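Only one structure is covered here, and it is reproduced in the block below.
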There are 2 protein chains.
Amino acid sequence: MITITDVANLAGVSKATVSRVLNNSGYVNEDTRKRVEQIVKENHYVPSASAIKLSKQESTAIGVVVPEIDNLFYGDVLHGITEIADQHDLSLVFFDTQNKAEKEVRALHTLSQQRVRGLILAPAVDYSLSSLGRELRKQLKALDIPVVIVDRDSENMHWDGVFYESYQSSYRAAQILHKAGHTRLGIITGDLALKIGRDRLQGFRQGVLDNGLELRDEDIFEGDFLEERAYELSKKMFLSGDWPTAVYTCNNRTSLGFLKAARECKIRIGKDIAVIGNDRIAMIDQLGIPFSCVYRDNIEMGRMALKMLLERIENPTRPRNICMIPYQVHLCGTEKLNP
Amino acid sequence: MITITDVANLAGVSKATVSRVLNNSGYVNEDTRKRVEQIVKENHYVPSASAIKLSKQESTAIGVVVPEIDNLFYGDVLHGITEIADQHDLSLVFFDTQNKAEKEVRALHTLSQQRVRGLILAPAVDYSLSSLGRELRKQLKALDIPVVIVDRDSENMHWDGVFYESYQSSYRAAQILHKAGHTRLGIITGDLALKIGRDRLQGFRQGVLDNGLELRDEDIFEGDFLEERAYELSKKMFLSGDWPTAVYTCNNRTSLGFLKAARECKIRIGKDIAVIGNDRIAMIDQLGIPFSCVYRDNIEMGRMALKMLLERIENPTRPRNICMIPYQVHLCGTEKLNP
DNA sequence: AAAAGATATGGAAACGGTTACACCACCATG
DNA sequence: CATGGTGGTGTAACCGTTTCCATATCTTTT
């Protein structure tokens with residue numbers, strides 16, 4: 001690998017001069033500049049990022065840690081992040097923790113070695129509930145770099161964050177079902193060990209109450225944001241022979257599990273039961289299923305996260321900043337047809 | 001930020017000794033080791049990856065470049081890659097080129113600065129067809145690091161690669177439709193500027209011929225692997241009033257576009273027309289659409305890619321290595337019902 | 001003509017690690 | 001008692017950059 005010294009020797013100048021040419025700093029004679037640039041080009045010289053980082057004491061990388069990249073939501077978020085990273089010539093060091101706290105520990109450690117400028121993080125676990133979570137919080141604090149939390153909040157966080165209106169969107173879901181004429185509502189919750197899981201349950205419950213309806217204990221099905229469990233719960237519900245007129249499914253995977261169960265039990269969505277989900281599902285309308293949902297702009301969440309991180313890097317002492325991504329509504333066949 | 005020198009001073013030893021403790025190399029007195037480790041822990045000392053890289057002249061990062069991370073396929077691939085990366089303590093430098101060759105140019109340049117150990121790449125464009133593609137090929141060659149191409153092959157590539165049996169799976173798709181009793185077949189192709197697009201067309205065409213059927217020119221619809229175009233083409237087809245008894249849709253997005261058009265035109269899948277796709281679509285069976293497909297294990301493609309890259313790094317001179325991920329078949333209601 | 005500025009360049013230290021080498025102490029061996 | 005290993009540690013060079021400072025030449029100003 002050719003180095004700056006090689007270039008300097010070939011051009012018959014000193015390293016300092018080559019560096020000045022490369023960085024467009026200080027005075028350089030036009031002829032010298034040309035000559036150096038020529039040599040650089042001919043020899044495909046590319047300066048070493050490590051050496052630069054070491055010398056300048058500043059990095060151009062930022063860390064991105066997500067819990068499951070094979071979930072389209074995080075794919076979208078990453079898309080948004082890369083969009084902005086590109087504009088600012090930042091490179092991304094990526095980690096997928098697969099929802100495992102241990103992997104997050106390792107990721108944070110590696111990022112600390114890398115001296116990244118900042119970190120965008122969607123934690124694998126709640127930072128308040130488990131001892132492992134609290135351990136992680138300490139580790140992150142010790143890292144002492146700019147951090148933006150994305151999507152998964154915990155109680156008493158002091159980092160910047162980009163979050164989704166989990167509570168409000170769920171509240172609205174209840175309202176929508178009420179307006180559509182439903183009286184007995186149900187919910188398949190997400191993982192209640194995560195704040196977003198609890199928020200969605202609480203928002204929905206409050207929405208139910210505020211609309212003069214009731215949410216029976218037996219109509220609350222405790223899921224985990226994954227298909228499998230939602231499928232099992234829904235199946236159990238349908239087999240019991242007694243179910244709400246409409247249910248709220250708390251994320252995309254939960255919705256899919258629910259729909260699968262409904263199909264297997266020959267329950268007609270929109271006729272035998274209505275559903276409103278959180279998160280969109282690809283093309284579901286075109287497939288002819290009446291599926292309403294509340295949802296958000298995932299890519300924008302990614303963009304926001306990096307923008308906020310850059311602002312934080314710019315100004316490390318400014319007060320904590322939170323961005324709530326608003327929910328949107330998509331309606332399709334939620335009205336109660338068989339009152 | 002605390003450095004190795006600080007640790008050395010605090011422990012009353014030299015940098016060399018601290019380094020020995022850290023790397024578990026050479027002789028270190030047990031008491032000294034304890035003392036150093038204590039100081040390291042107390043002060044949260046983490047060695048700088050840049051300094052190590054510079055000094056050892058070897059990196060522990062590998063580059064990953066994909067064309068669209070908000071496509072579940074690449075999410076899965078990235079999942080597979082991280083799985084293996086984790087086992088080998090490698091960190092990933094990630095780029096999304098958004099199918100733009102210019103972004104790939106920049107990504108390659110940045111990766112070259114970073115001195116990554118190797119690169120996993122799904123190119124944005126064909127490396128043989130356009131001048132931009134050939135430019136990229138040259139740039140990649142100049143990079144002169146271990147490379148594994150994933151999914152998107154081009155003609156005359158000399159890098160290792162993990163590819164999908166595009167030709168064979170498409171050939172099989174034709175065979176399946178023939179066995180199911182169809183006689184007039186159609187295809188909505190992918191982007192023919194990509195080799196995988198051409199391979200799928202050719203495989204299907206050969207399959208049609210070898211089964212004694214014909215593939216009329218007017219039944220070949222030239223798409224681009226995206227929903228929108230597939231939707232338009234399908235709509236045009238249905239509006240023409242004259243269409244094949246079965247069509248082959250070349251990837252997940254193409255299938256969705258097709259299904260959307262069918263629904264809008266009130267064409268009943270499985271009755272008025274049959275379809276076989278490439279790539280699975282989440283839960284489509286549970287939604288009650290008779291949709292057959294040929295598909296592959298995406299995550300395994302990611303795993304394979306990194307494994308092959310590691311082998312290449314291990315042994316840079318070994319002959320070119322190609323891994324073909326086999327296709328699998330999923331059948332659902334493709335039989336011709338209305339002969 | 002001297003002083004002051006602008007232009008152009010090189011030398012050398014610094015960044016934070018690793019490592020070859022030298023050195024010393026200790027002990028066993030012939 | 002010289003010899004030679006083993007254990008333990010420090011010194012200094014080195015990795016590839018940037019940057020401060022010194023120096024030199026050429027212009028311009030006073």
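Residue numbering restarts at 1 for every chain, and letters A, B, ... go by the order of the sequence lines. Just so you know, these numbers come straight off a predicted model, no measurement behind them.
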Practice task
Answer with yes or no whether the side chains of A:Q113 and B:S48 bring together a donor and an acceptor at under 3.5 Å.
Solution key: no

Handout entry: More than 12 heavy atoms from other groups under 6.0 Å of CD on A:E58
Key = yes

Practice task
Using atom CD of A:E58 as one end and atom P of C:dG16 as the other, report the distance to the nearest whole Å.
Solution key: 14 Å

Problem - Cation-pi, B:F73 ring and B:R296 (6.0 angstrom, 45 degrees) - result: yes

Problem - Test item: B:R152 side-chain N/O and B:I149 main-chain N/O as donor-acceptor pair under 3.5 Å - result: no

Exercise for the section: State, without any angle test, whether A:N156 and A:S154 hold a side-chain donor-acceptor pair at a distance under 3.5 Å. Expected result: no

Handout entry: Distance below 4.0 Å between B:R115 side-chain N/O and D:dT17 OP1 or OP2
Key = yes

Practice task
Respond yes when some side-chain nitrogen or oxygen of A:Q57 is under 4.0 Å from OP1 or OP2 of D:dT17, and no when none is.
Solution key: no

Exercise for the section: Keeping the roles fixed (side chain from A:D6, backbone from A:T3), state whether a donor-acceptor pair exists under 3.5 Å. Expected result: yes

Handout entry: Whole-Å distance separating the CG atom of B:N43 from the P atom of C:dG16
Key = 15 Å

Fill in the blank from the handout: Between A:Q57 and A:L54 the two heavy atoms that sit nearest each other are OE1-O, 3.0 Å

Handout entry: Pairwise side-chain contact, A:I69 with A:F94, heavy-atom cut-off 4.5 Å (strictly under)
Key = yes

Would you tabulate the pairs of protein nitrogen or oxygen atoms and nucleotide nitrogen or oxygen atoms of nucleotides 22-26 of chain C closer than 3.5 angstrom?
none

Problem - Taking every non-hydrogen atom, the tightest pair across B:T97 and B:P67 - result: OG1-CA, 3.3 Å

Practice task
Do nucleotides 22-29 of chain D as a string where each nucleotide becomes B, S or -: B if the base has a protein heavy atom under 4.0 Å, S if just the sugar-phosphate does, - if no protein is that close.
Solution key: --------

Practice task
State which of D:dG16, C:dG10, D:dT9 makes the closest approach to the side chain of B:Y27.
Solution key: D:dT9

Exercise for the section: Tell me whether the OP1 or OP2 atom of D:dC15 has a side-chain N or O from A:S50 closer than 4.0 Å. Expected result: no

Do any N or O atoms of the protein come closer than 3.5 Å to N or O atoms of nucleotides 18-21 of chain D, and which pairs are they?
unit_1: D:dT18; atom_1: OP1; unit_2: A:N23; atom_2: OD1; d: 3.4
unit_1: D:dT18; atom_1: OP1; unit_2: A:N23; atom_2: ND2; d: 3.0
unit_1: D:dT18; atom_1: OP2; unit_2: A:S19; atom_2: OG; d: 2.5
unit_1: D:dT18; atom_1: OP2; unit_2: A:N23; atom_2: ND2; d: 3.3
unit_1: D:dT18; atom_1: O4'; unit_2: A:S55; atom_2: OG; d: 2.5

Practice task
Measure from CG on A:D31 to C1' on C:dT9 and round the result to the nearest Å.
Solution key: 14 Å

Practice task
To the nearest Å, give me how far apart CG (B:L54) and C1' (C:dT19) are.
Solution key: 14 Å

Practice task
Starting from P on D:dG16, measure out to CG on A:N9 and report it in whole angstrom.
Solution key: 12 Å

Problem - Rounded interatomic separation in angstrom, taking CD1 from A:I2 and C1' from D:dT17 - result: 14 Å

Exercise for the section: Report the relative orientation of the aromatic rings in B:Y127 and B:W159; use parallel for angles under 30°, tilted for 30 to 60°, perpendicular for over 60°. Expected result: perpendicular

Exercise for the section: Please state whether the phosphate of C:dT9, meaning OP1 or OP2, lies under 4.0 angstrom from any side-chain nitrogen or oxygen of A:R35. Expected result: no

Completion exercise
From the list A:E155, A:R137, A:K195, side chain to side chain donor-acceptor pair (under 3.5 Å) with A:S128 holds only for A:R137

